[in-house]
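Just so it is clear, the model here is predicted, and its values are computed rather than measured. Proteins come first, then strands; the chains are lettered A, B, ... in the order of their sequence lines, and each starts at number 1. Values reported hereafter were calculated over all heavy atoms of this structure, with side chains retained and with hydrogens, waters and symmetry mates removed.
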Amino acid sequence: MKPINTLMTALGLLALGAHAAEAPFPSTYEPLPSQPTLITNATILTGTGERLENASILLDGGEIAWVGSGDAPANAVTIDANGGWVTPGIIDVHSHLGVYPSPGVSSHADGNEMTNPATPNVWAEHSIWPQDPGFSRALAAGVTSLQILPGSGNLIGGRGVTVKNVYSTSYQGMKFPGAPHGMKMACGENPKRVYGQKGRQPMTRMGNVASYREEWIAAQAYLESWTEYEQKVADGDEEAKAPKRDLKLETLAGALKGDILVNMHCYRADEMLTILDLADEFGYKVTTFHHGVEAYKIADELAEAGVCGALWADWWGFKMEAYDGIQENIALVDRPEGSCAIVHSDSSEGIQRLNQEAAKAMTHGRRAGLEITEEHAISWLTSNAANSLGIGDRTGTLEPGKMADVVLWNGTPFSVYAKAEKVFIDGALLYDRENPALQPVSDFELGQLQEVN
Amino acid sequence: MHPVKFAFAALAATATLVAQGVAADAIMIRNATVHTMTEDGVLENTDVFVSGNVIREIGQDLPVPADIRVFDAEGRPLTPGLWAGVGAIGTVEVSAVEESSDAAEQSLDMRPEFDVSTAYNPNSSLVPIARVEGHTFTLLGASGGGTIINGSGRVVALDGGYTSFYGDPVLFIDLGGYASSKSGGSRAGQWMLLKQAFDEAELKSGDDGDGVLTRAGRAALKRLGDGGKVVFGVNRASDILQALAFAKRRNLDAIISGGAEAWLVADRLASAGVPVMLDPLQNLPSSFDSLGSRLDNAALLHAAGVTVIVDEAGSHNARKLRQMAGNAAANGLDHEAALAALTINPAKAFGVDSQFGTIEEGKRADLVLWTGDPLEVTSVAERVIVNGKLDSMKSRQTELRDRYLVEDPAMPRAYVK
């Protein structure tokens with residue numbers, strides 16, 4: 001997957017002049033200061049399927065220097081894990097932190113622009129409240145990166161953004177440098193309910209599909225007009241006139257080109273197969289199906305299409321399309337060769353326990369007779385998640401040269417008693433269970449519940 | 001897959017068993033770590049003998065009658081059947097499908113006469129889905145959505161019976177920020193209306209009062225409120241204290257539900273002897289009523305002497321209660337206290353502890369044998385015994401699992417069953 005949003009760069013350059021070569025709202029994230037850190041005596045799950053016992057890992061210059069054994073610089077801080085476990089930082093591909101923050105008051109409900117069934121023009125990042133206390137709770141649970149998505153009330157909900165889980169006064173200060181945008185789309189009950197109640201398309205699932213096709217047809221024409229224009233410019237035509245920018249179509253055209261990754265909220269197996277055909281019709285790729293409560297019914301088809309399934313361990317029954325949920329969903333989606341199973345949260349509580357959710361999914365898979373090791377299951381919340389966000393070349397595994405996004409656990413993370421002891425983002429220790437100074441508190445929570453004394 | 005050794009002599013000599021006073025479907029569980037949830041604590045290497053719906057005998061090296069089913073637990077934990085929380089198991093099928101959802105009476109204000117147990121359906125798919133995970137009793141909740149007095153519910157055993165109700169009806173009252181829509185937008189209005197309703201219930205017939213309640217409602221509230229069990233849904237510390245004061249004035253047997261800030265008033269709850277049903281995972285200020293949410297709420301309350309009950313996993317995913325109790329244990333709550341929060345504590349709080357919540361001789365046999373620590377996410381229920389009967393361990397979800405576990409079936413999966 002392309003790490004850079006090339007279409008936006010190109011459009012920005014051509015449409016707005018040379019001074020605007022950069023994509024708008026650029027990341028201002030800078031890794032926080034770090035020291036070389038050597039963690040010894042740990043069980044290490046690399047995220048690549050390996051498990052190392054009594055092993056060490058060196059974080060240096062914000063990157064992973066080596067895993068296993070090696071030399072450490074003289075100024076390295078040494079942490080004896082004392083039998084603790086080390087994993088890549090946890091990545092949640094489906095969060096609404098910041099856009100549906102705590103407290104969940106209506107003034108904060110900024111995740112669903114339900115004024116039109118297709119709003120690819122809206123960007124979740126413009127709704128993010130960086131003071132959401134939920135970021136600190138997720139950090140204490142080992143979450144180092146997350147994708148923040150618009151909600152699922154619309155067929156096309158808008159752009160999602162991938163951030164590093166750091167506190168900043170702006171979302172720009174959190175934005176994962178170079179990560180592609182996601183685009184949120186939704187199948188099924190939500191959009192047809194929202195707009196059906198307003199007496200307009202879509203009122204039915206067939207209305208859903210008709211609406212997607214109309215949007216994609218417009219996007220194809222838009223992309224074509226820009227391609228023609230770019231060709232003219234490349235051919236030296238100084239009279240060439242740039243097409244008018246359209247924020248909606250710009251996002252859709254980015255998805256058609258593969259620069260923006262399509263995240264499809266979809267529950268039912270038959271609807272997911274419809275969406276795969278839709279993607280074939282218009283020549284785009286669905287990166288990940290989200291929720292996919294029936295994904296286990298089409299595990300082979302998903303693996304063959306190279307589409308990830310970002311799933312819950314056990315949620316079901318809250319609506320009709322979630323009626324067939326089973327606890328073996330993740331393990332069954334994981335079963336075929338070439339699969340990409342992901343544990344996701346969609347919840348400010350769930351994001352704090354993705355390790356426990358993975359443990360439940362692993363346990364039920366094993367009970368059903370599937371062989372699943374911890375070193376494999378950790379990929380559901382690290383490397384597979386990173387790959388689905390287009391940042392798999394930067395984070396998600398413990399390999400030399402990758403960002404030092406690392407969690408030190410008090411024991412196996414596949415336990416209800418597991419706790420993240422230390423969390424590193426780009427090598428900087430940003431959470432330490434033993435040190436209150438390294439436990440961030442959002443502006444909102446500061447000074448609440450004062451006692452008299 | 002099933003490490004428990006299962007021995008069953010098909011040719012049960014029924015006559016012999018009857019002669020011994022043993023039911024034909026009697027069960028012996030051997031060598032279990034028995035969490036009695038009584039003063040006897042945890043008993044190692046202990047046998048539990050079940051016959052005729054009750055726990056007949058608990059002890060070591062019990063004699064095994066011939067021709068009964070015997071399970072060797074090999075030291076694994078045996079607990080009482082777990083509580084499934086307050087919810088809508090049997091009163092909802094799909095939350096968003098209105099015609100399948102009966103837990104709330106939302107069109108009218110203050111209807112204490114709304115009795116949700118009349119909507120209970122033991123054939124709901126939710127019943128076996130909870131049961132195969134070791135949950136054997138629940139409290140049917142009446143939920144309101146701003147109605148203040150939501151109505152009543154009852155404890156029901158998840159044994160498939162149409163009328164497996166136990167204990168007295170429990171009244172549900174919701175207060176606080178989210179319950180203010182039908183009280184003029186202020187929680188002060190809630191206490192005002194609640195007081196009026198309880199006053200009205202005391203009026204003689206013929207006196208119409210303020211008309212807050214219907215006549216049936218007055219009769220119901222008088223009956224339910226007379227020393228009865230009342231669940232107050234409140235989170236903010238100041239609201240909890242209001243609820244305690246109201247319950248004391250009206251002689252109500254109060255239980256706090258929610259209780260996000262209960263730890264702030266733990267001593268007051270302890271001295272009032274009022275239990276708290278809480279979500280141990282709540283650690284975010286999800287509203288201005290719960291700014292004080294924290295992961296060790298359960299541990300702090302327990303340390304102060306408050307009875308803690310784990311709740312709020314919802315109806316479909318009631319099986320998450322175990323994980324929630326485990327998280328309470330991971331955050332300072334004693335392991336057996338966390339188990340009590342799923343067993344004896346709710347049973348006692350709702351007056352059904354003679355039926356549920358402990359492993360004792362003579363008691364209704366609701367038992368669960370676990371693959372490991374019952375609070376651990378990598379453990380599952382291995383065997384479930386409900387009212388003395390061995391559960392099939394089948395649910396709609398296990399059937400779906402088994403259908404899709406099959407690789408490359410020759411016929412469409414509709415034929416795989």
Side-chain angles (χ1 to χ4, degrees), chain A residues 101-105 132-134 136-137 140 189 193 294 296-297 299-300 312-329 332 335-336 348-350 352-353 355-360 362-364 366-370 412 414-419 442 444-445 448-449, chain B residues 1-2 92-97 100 125-126 129 133 177 237 261 264 279 281-293 295 314-317 319-320 322-331 371 373 375-380 395-405 407-408 413:
Chain A
S102 302
V105 297
D132 186 349
S136 66
R137 307 303 197 277
E189 289 184 32
R193 185 188 65 246
E294 293 189 5
Y296 65 94
K297 299 184 182 179
D300 292 335
W312 294 298
D314 50 17
W315 281 16
W316 76 282
F318 39 93
K319 49 185 171 171
M320 201 60 219
E321 61 193 3
Y323 193 51
D324 283 5
I326 64 172
Q327 296 178 99
E328 294 78 10
N329 194 21
L332 282 170
R335 178 165 66 170
S348 57
E349 180 272 303
Q352 300 180 50
R353 291 170 192 87
N355 60 314
Q356 293 180 24
E357 299 305 297
K360 289 188 288 186
M362 181 182 75
T363 298
H364 286 282
R366 287 176 174 175
R367 293 282 296 172
L370 307 174
T412 170
F414 296 92
S415 166
V416 80
Y417 305 110
K419 286 189 175 144
S442 81
F444 177 77
E445 289 196 283
Q448 302 276 12
L449 300 181
Chain B
M1 273 178 70
H2 297 292
V92 70
E93 195 63 32
V94 176
S95 311
V97 175
S100 83
S125 70
L126 280 79
I129 285 169
E133 306 283 344
E261 294 188 349
L264 279 168
D279 170 4
L281 307 184
Q282 185 171 352
N283 66 342
L284 278 166
S286 54
S287 76
F288 280 97
D289 282 20
S290 55
L291 293 178
S293 299
L295 283 177
S315 308
H316 293 88
N317 218 16
R319 56 200 178 195
K320 193 175 178 180
R322 241 173 7 98
Q323 182 187 0
M324 293 160 74
N327 277 276
N331 286 284
T371 58
D373 176 1
L375 301 184
E376 181 57 275
V377 281
T378 49
S379 304
V380 297
S395 72
R396 190 170 172 276
Q397 294 188 354
T398 66
E399 299 280 305
L400 279 165
R401 172 197 67 198
D402 293 344
R403 167 172 283 184
Y404 285 90
L405 262 175
E407 291 187 270
D408 303 319
R413 289 192 195 265

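- Between Val416(A) and Arg322(B), the closest side-chain pair of non-hydrogen atoms is not below 4.5 Å.
- Contact annotation for Glu261(B): only side-chain heavy atoms (C-beta onward) come within less than 4.5 Å of a heavy atom of chain A.
- A search for side chain to side chain donor-acceptor pair (under 3.5 Å) contacts involving Glu328(A) returns nothing, not counting sequence neighbours.
- When Arg353(A), Met362(A), Glu349(A) are compared by the number of non-hydrogen pairs under 4.5 Å with chain B, Arg353(A) comes out ahead.
- Counting heavy atoms from C-beta outward, Gln352(A) and Leu284(B) have side chains that approach closer than 4.5 Å.
- Counting heavy-atom pairs closer than 4.5 Å to chain A, the top-ranked of the candidates Leu295(B), Ile129(B), Thr398(B) is Ile129(B).
- Annotation: the span from Gln323(B) atom CD to Asp314(A) atom CG amounts to 7.0 Å, rounded to 0.5 Å.
- The most heavy-atom pairs under 4.5 Å with chain A, out of Leu126(B), Val380(B), Asp402(B), come from Val380(B).
- No side-chain heavy atom of Tyr404(B) sits less than 4.5 Å from a side-chain heavy atom of Asp324(A).
- Gln448(A) has its side chain out of reach of Pro285(B): every pair of non-hydrogen atoms, C-beta onward, lies at least 4.5 Å apart.
- Considering only heavy atoms from C-beta on, Val377(B) stays 4.5 Å or farther from Glu357(A) through its side chain.
- Listed for the Arg401(B) side chain is no donor-acceptor partner under 3.5 Å among the backbone atoms of Asn329(A).
- Side-chain contact of Asn331(B) with Tyr417(A): a donor-acceptor pair under 3.5 Å is absent, judged by distance alone.
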### Task
Please report the C-alpha distance between Phe318(A) and Val92(B) in whole Å, then the side-chain angles of each, then the deciding distance to 0.1 Å, and finally whether the side chain to side chain contact (heavy atoms under 4.5 Å, CB included) criterion is met.
CA-CA 10 Å; Phe318(A) 39 93; Val92(B) 70; over 6 Å; no
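- In this structure, the portion of Leu264(B) lying under 4.5 Å from any heavy atom of chain A is its side chain and not its backbone.
- Looking at Glu399(B), there are no atoms closer than 4.5 Å to chain A (heavy atoms on both sides), in backbone or side chain.
- Side-chain atoms of Glu407(B) and Asp300(A), non-hydrogen and from C-beta on, never get closer than 4.5 Å to each other.
- Residue Thr363(A) touches chain B through its side chain alone, counting heavy-atom pairs closer than 4.5 Å.
- By the ring-ring contact (aromatic ring centres under 6.0 Å, His included) test, His316(B) is found to be paired with Trp316(A), residues two or more places apart in sequence or in another chain being considered.
- Side chain of Gln397(B) to backbone of Gln327(A): no donor-acceptor contact under 3.5 angstrom is found.
- In terms of non-hydrogen atom pairs under 4.5 Å with chain A, the most contact-rich of Ser95(B), Ser290(B), Ser315(B) is Ser95(B).
- Residues Asn283(B) and Arg137(A) have side chains in contact (heavy-atom distance under 4.5 Å, counting atoms from C-beta outward).
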#### Entry: Val97(B) and Tyr323(A): CA distance, side-chain angles, deciding distance, side chain to side chain contact (heavy atoms under 4.5 Å, CB included) verdict
CA-CA 11 Å; Val97(B) 175; Tyr323(A) 193 51; over 6 Å; no
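- The two residues Phe414(A) and Thr378(B) come nearest to each other via the heavy atoms O-CG2, 3.6 Å.
- Looking only at distances, a side-chain donor or acceptor of Arg335(A) sits under 3.5 Å from a matching main-chain atom of Leu405(B).
- Distance check, rounded to the nearest 0.5 Å: NZ of Lys360(A) to CZ of Arg319(B) gives 8.0 Å.
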